[in-house]
Amino acid sequence: MSSPSSQSRKRDPPTPASEDPLSPPSQRSRAHDTSTELQPMPTSPAMDASLFSSPMAPRSVLQSEIDASSPLMYGTPSSRVEGTPRSGIRGTPARQRPDLGSVRKAPQVDMHSEPPSGDAAAGSEQGTGAAGQRLVIWGTDVNVGTCKEKFQRFLQHFTDPNSKEDENAGLDLNEPLYMQKLDEISVVGEPVLNVNCSHIQTFDADLYRQLICYPQEVIPTFDMAVNELFFERFPDSVLEHQIQVRPYSAVKTRNMRALNPEDIDQLITISGMVIRTSQLIPEMQEAFFRCQVCAFNTRVEVDRGRIAEPAVCRNCNTTHSMALVHNRSAFSDKQMIKLQESPEDMPAGQTPHTTVVYAHNDLVDKVQPGDRINITGIYRAAPMRMNPRQSQVKSVYKTHIDAIHFRKTDEKRLHGVDEDGDQKLFTKDRVAMLKELAAKPDVYERLSSALAPSIYEHEDIKKGILLQLFGGTRKDFTQTGRGNFRAEINILLCGDPGTSKSQLLQYVFNLVPRGQYTSGKGSSAVGLTAYVMKDPETRQLVLQTGALVLSDNGICCIDEFDKMSDSTRSVLHEVMEQQTLSIAKAGIICQLNARTSVLAAANPVESQWNPKKTTIENIQLPHTLLSRFDLIFLMLDPQDEAYDRRLAHHLVSLYYQSEEQIEEEHLDMAVLKDYIAFARTSVHPRLNEEASQALIEAYVDMRKIGSGRGMVSAYPRQLESLIRLSEAHAKVRFSSKVETIDVEEAKRLHREALKQSATDPRTGFVDISILTTGMSATARKRKEEVAQALKKLIQSKGKTPAMKYQQLFDDLRGQSEAAITKDMFDEALRALADEDYLTVTGKTVRLL
Amino acid sequence: MPTVHDWINNPLGIVDEMFAQSHSSPDWEKKVVEYFKEKLKLNDAHAWVPSLNDVPLHYMKPNSLVKFRCMVQDMFDPEFFMGVYEINDPTSNSKQVKCGKYKDVTECAQVDFNSRNTVTSERQTFYCVPIPGESQWVKESYAGTSQARVVPSTSYVQNRHKRSYEEDDEMDTQSQMKDVSQGAHSSAESHGNMDPKRQETKAPSQDSSPSHCTSSLDLNFPLPGEKGPACLVKVYENWDSFKLNDMLEVFGILSVDPALSVIADEREASSLLDPTEGMETVEEQRVHSPPASLVPRLHMLYAQPLVHNNPLLPSSALENGDYLSSVLGELASVRAELLTFLTHVLMGDSLAAEYLILHLISNVYSRRDVLPLGKFTLNLSGCPLSSPYTEHLYNVIQQLVPSSFRLCMSLQNMNNQRMVPRKDYTANRLMSGILQLANNTSLFLDETQLEQGQLDTTGVQNITALGNLISWQKVDYDFNYHQMEFPCNINVLIASEGRSLLPSDCQIHLRPTLNPPNLEEYLSAVQVAQVPSQINKYRIYLSVARALNYTISDEITKAVEEDFVEMRKDDPQSMSAEDLHRLLVVARLLSLSHGQNTLSRDGWMKAKQLEVLRLSQTQQQKCVNGNEP
């Protein structure tokens, strides 16, 4: 049944003028598919005679009649395909042909003969339903009438109050979803209705099964149903062509690897990455022949890639007089797309599979190489003929997918609403298991010890990284003008070489789905951000993204952070606070999202950590960058006996424990992965009242510590860090509220990290200014003193406009009881010069 | 024995027969596989099956049972085929149901595509190459054990036009495979003649790592200078259990139907008829359906994963208790002899020889999250710069291990060679690289060849790849849009003058005590002095020692811990966690090299001593070199 409708649809380009008056009657008359045969009557001015002449016509006739007539059932304007200059319009209606295919045409004929009789009997809608029960499309169990009715009911009644799809934004979720979409179509005029298969499944499982098994028959039926419904509602609306239903998210198949012969000719959805797209291929839909003798024209449908060239002219009966006229033949757009399995779906040790996808008409050029997409389509297999002159056939089929719907999974990442496209589908059992795990009181400890079990101790560091993996809650203050608040936690590990920093980084990189691993030594600013290059094939400029952009919503692990060149590091400033990346090169100016957590590792400059120096001095990183790290950990060799013993035990057991023992002791990496993924997608904790109070107190306390000694020990940035850490900790517990215990842990961890990294080696106090300004308050005070002493010295010398540099230095050293280095002296001179007290030119010091 | 000939010469007949008997009940497929498995189990039945590795392809009878020792280099997409189909016989006008399994082409008759009896099945294609870097002695030895009597098949006339005529004489004279090694050689020869392009890849000398030209029809061998047939292996079941770079011995039905190669020529014509066919690019076509005379198809009946490719060892040596104990019995003496031999090769440095043994038996036996355990990359510094030395050293190693490769790290090589396999999306295949090696291959990096100069991007990537390989035992294959990590298990030995620029688990500085006036002569003399049977013992020794099981008792664990704490007390700098890691590996390998599968207190002490000795030897060098660790 479907086939006639699809055929008719395909060439229903609009001739806007004619439509309104016709539509209502035709709607009424055609409650079911059979009416197709009758319906062209009012519309078609051209050749409807043929129609009537053979209502029960065999296929070929049926086709030709449709070819000839301009079918349009709902009175949607139509004209001959070839005639319309507007190929775009014409193109879309024709879509149905290529993607639903015509493979089954022949078998369908059989049932064609039946419907008229059934219909004649059935006067009313219900009648058809009953009568229709007996009639199914050949080779299927689909009854067109019932199917259509079911689908209309679905459209009219389906609501999805819990919908989270961003496409549905702005729709009233309590009203029938698809009716609103139809409203939208009438306003926007884009005649495509995307239908989520899972909605159909929840609404009517049987309908869903039919859709999956016989998409080729069912989808055209859906089309009919939608169009009836639509034009009933909006009889006056003008559309380019009839509405096409595009189902997506068929749950049956998710993975390319799972495709097997049973899926042939079924509706499937698979995900993958586009690796190659072909040029546009014009595919002949209808061949135009003209008789050389009498100039009689005829059109021939292309059937399964073949054109049946008319041997005899129907008009003058000359044989072999028909010649193909290319210009007047009808073509449709077609594109071959190679899809490759996405790396996440692959079992280890195998190479990814690829599949050929054909996109038709308006789906052509919808995707680019490199896009991650979910594609819904019909899986096809065609036998390969090895030699046209031989009857021998290679016993292999060529397979491909005819695309019906594309959905880019990475597109969403550009619009904020994230972690939806690649949502992992957890089974109920899995979720229950994870929740059970979350309910355990020591879940935090368990998870942190499951993190990189081969690395010994460093409990706090692992906890920090664990929190980083979970991340804070993303908050949007765009409305108040503050933009997004960073939710990602950045961590810097510094310490002696050989303290398994790299190993930790490697582990994290392997754990998170969107992780990137780079080494500061080998990466350039370009490699981290993005670069523009010319595509060798298309000669277009293409933006290639670097590690930071690629790890959007993931973690970017940067090893040997200290070895990075300054210019490279400078790009991190923007990323680590604003979470965006601005690019202006080769005419491309844009801002990319780079909401990535940074996990960096740095080695001390002197290869060994010098405990007498501050963090800044040890790793020589600009403090502007350091202050963007929420947590800075030192990984040092503690050098105490108990630690050594435990370490030894840990390492030895690493070498002799069998795999099973290991499994028992620690949580599986897969569980950890799922746990994190689940928490990230479904837990969004918010601060409760007590927690906010606790945070305020914590912050005030931190400020207080330093104020006694005239130092600032906390800045708002630290408060933000605390909030993020608390939120992450709440996420670990799967709690939707941030409570006091979360704040406590955040405080503790933050303090631990500070203790390690921001302790002033001279005084032993924690001093945040080491990290924020690069110098401890005591050091600054000391500098001040030296400058004052120098000033005094100069003043004591009386009115000498110029002094020798060296002599002044010696004098100062002689006068001061503390040792004064040349550096300190220079600093003091500079400080005084800043005060406009003196200037230094070469080896002389001049007073001003 | 007619039965033998039957199942080897005409396996398809048996398959068809079983299919006919089955009356389309689906378990006939299992029965077929079982049947052949049973046949192959019979004492040395598998030796009767001719091997593609040592018998020239044109000697093979089409559609006969053959075996192929290979590595999975690439996995193509699964393909659907007509498992069962129906044909219309135009002569008798009757319909017949046929089985399409293990065949590439349907039988010539009208195939009824719309038949209800058609069963579509799925199979997977692997692109397999001979094990890269397989030593000559392995090939010879395998060929020597083969009992297959291969006479030029009668059907080979079919293929005749494909070869040049002068070859025919050669073939006739060799119809009886008397001298196997020569046979193997001529196989390569004649293969080369069949295709000029392949000759090209073969022509440059093997050891100087020539720049590998990627001709359009290259067979995609990982290593330059490789020869042998490549095969498209069609797998019918359990293909998920195979992994890339697995070593397999495939038993399958050879298919060299010339019709397979015709496709390319007919492409133009057929594309009109079948639009789907026109969509493959020429490159893809060439890669996925190369001429069957060059890349035969093999329909797998049964495949045995190879744990090792040492022909001197029974394939299941380690389950075989008797065999193991007999080897372990004389293990000590063999070890001593091997040590002496290697000491001579290393010019009298017995410590270095000791470490070399440890290196040769090292094996990644487990992975803890990202950390590979058991790898032991050795950096042999202080190698004499005169190039022949490293070459000789490599020759010795090549004699000892089943597969190996020497990579000269010259600037040119580093900048020009493709080390990491890369996916070629136009041809839709994985372009192989030097680092695509099977497990337990010895990779000999010759850093003495490195001169001053600039590394370009490729060079830097190659160095990074080598570094990753050494540190994590993994190679990140380049899939253009992303990288994919493939774990590997490759023994890397770096020969360098000073400390290597690559990371290594252990560095030992060579201290020659002998100073032969003519190094080259001396080394060849050392090698010649070894009797083949002796070398065979070494080979067995190394393979067995590597595969032994190993445990540490709780008691020793305690002792080791104590020891570590003690050492840390004295001087925390001298003993870091990393040192303990290494010490544990050394202790493990040392025990294994003595045939002990558990660590004894004694073994631990010895390992410590060894390390102290090594450090002192390296330390001394450091003063001269001034290179900090």
Side-chain angles (χ1 to χ4, degrees), chain A residues 260-261 264 273 275-276 278 283 305-306 336 338 343 347 349-356 370 381-388 390-400 452-454 456 498 500 503 506-507 510 522 637 639 641 644-645 647-649 651-656 659 662 669, chain B residues 74-75 77-82 100 103-106 108-111 113 120-122 240 243-244 259 262-263 266 269-270 273-277 279 366 368-371 373 425 428 430 460 464 472 479 481-482 484 486 551-552 557 560-561 564-565 568-569 572 576-578 580-581 584 588:
Chain A
N260 64 43
I264 291 178
M273 191 170 63
I275 54 171
R276 207 150 61 86
S278 75
E283 192 181 43
R306 246 169 265 218
M336 187 198 72
K338 277 253 158 126
Q350 312 246 332
T351 57
H353 288 177
T354 53
T355 311
V356 177
M384 260 201 299
R385 198 163 292 272
M386 55 190 327
N387 186 333
Q390 288 174 5
S391 56
Q392 234 179 0
V393 173
K394 207 172 161 191
S395 60
V396 177
Y397 293 100
K398 287 252 132 179
T399 53
H400 70 266
S454 67
Y456 183 60
S500 49
Q503 211 182 314
Q506 277 280 345
Y507 182 88
N510 279 306
D637 211 340
Q639 304 189 353
E641 195 183 313
D644 290 347
R645 191 176 302 276
L647 174 66
H649 180 76
L651 289 183
V652 177
S653 60
L654 195 69
Y655 276 85
Y656 81 86
E659 293 286 334
I662 296 162
M669 194 156 156
Chain B
D74 195 2
M75 294 163 155
D77 295 329
E79 54 187 27
F80 293 171
F81 67 100
M82 288 174 258
K103 284 171 211 161
D104 278 313
V105 181
T106 58
C108 16
Q110 282 284 303
V111 176
F113 289 111
T120 308
S121 317
E122 191 179 7
D240 286 343
K243 294 199 161 135
L244 203 70
V262 181
I263 300 176
E266 302 294 343
S270 61
L273 286 173
D274 189 351
T276 53
E277 211 153 345
M279 295 308 160
S366 157
R368 290 293 308 268
D369 30 85
V370 289
L371 189 72
L373 298 180
Y425 283 116
N428 196 13
L430 190 65
V460 174
T464 321
W472 311 108
F479 279 79
Y481 303 99
H482 59 100
M484 210 163 339
F486 284 88
T551 51
I552 307 180
T557 314
V560 170
E561 285 166 32
F564 179 68
V565 175
R568 292 274 295 179
K569 234 185 235 164
S576 66
E578 220 168 301
L580 183 62
H581 265 291
L584 284 165
R588 172 194 153 89

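Each chain gets a letter, A, B and so on, in the order the sequences are listed, and its residues count up from 1.
Taking 4.5 Å as the limit, every side-chain heavy atom of A:Pro352 sits out of range of all side-chain heavy atoms of A:Met273.
Residues satisfying the side-chain hydrogen bond (donor to acceptor under 3.5 Å, both in side chains) criterion with B:Asp77, sequence neighbours excluded, are A:Thr354. The salt bridge (Lys or Arg N to Asp or Glu O under 4.0 Å) search around B:Glu79 returns B:Arg123, B:Lys234, not counting sequence neighbours.
Contacts between A:Thr399 and chain B at a heavy-atom distance below 4.5 Å involve the side chain alone, from C-beta outward. Only the side chain of B:Phe564 has a heavy atom closer than 4.5 Å to any heavy atom of chain A. With a 4.5 Å cut-off on non-hydrogen atoms, B:Tyr425 touches chain A through its backbone and its side chain both. For B:Met75, the parts lying near chain A are the backbone and the side chain together; criterion is any non-hydrogen pair under 4.5 Å. Heavy atoms closer than 4.5 Å to chain A are found in the backbone of B:Ser121, but not in its side chain.
The heavy-atom pair separating B:Phe80 from A:Ala381 by the smallest distance is CD1-CB, 4.5 Å.
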Open item on the list: Pair B:Met82, B:Thr120 - check side chain to side chain contact (heavy atoms under 4.5 Å, CB included), show working.
Closed with: CA-CA 5 Å; B:Met82 288 174 258; B:Thr120 308; 5.9 Å; no
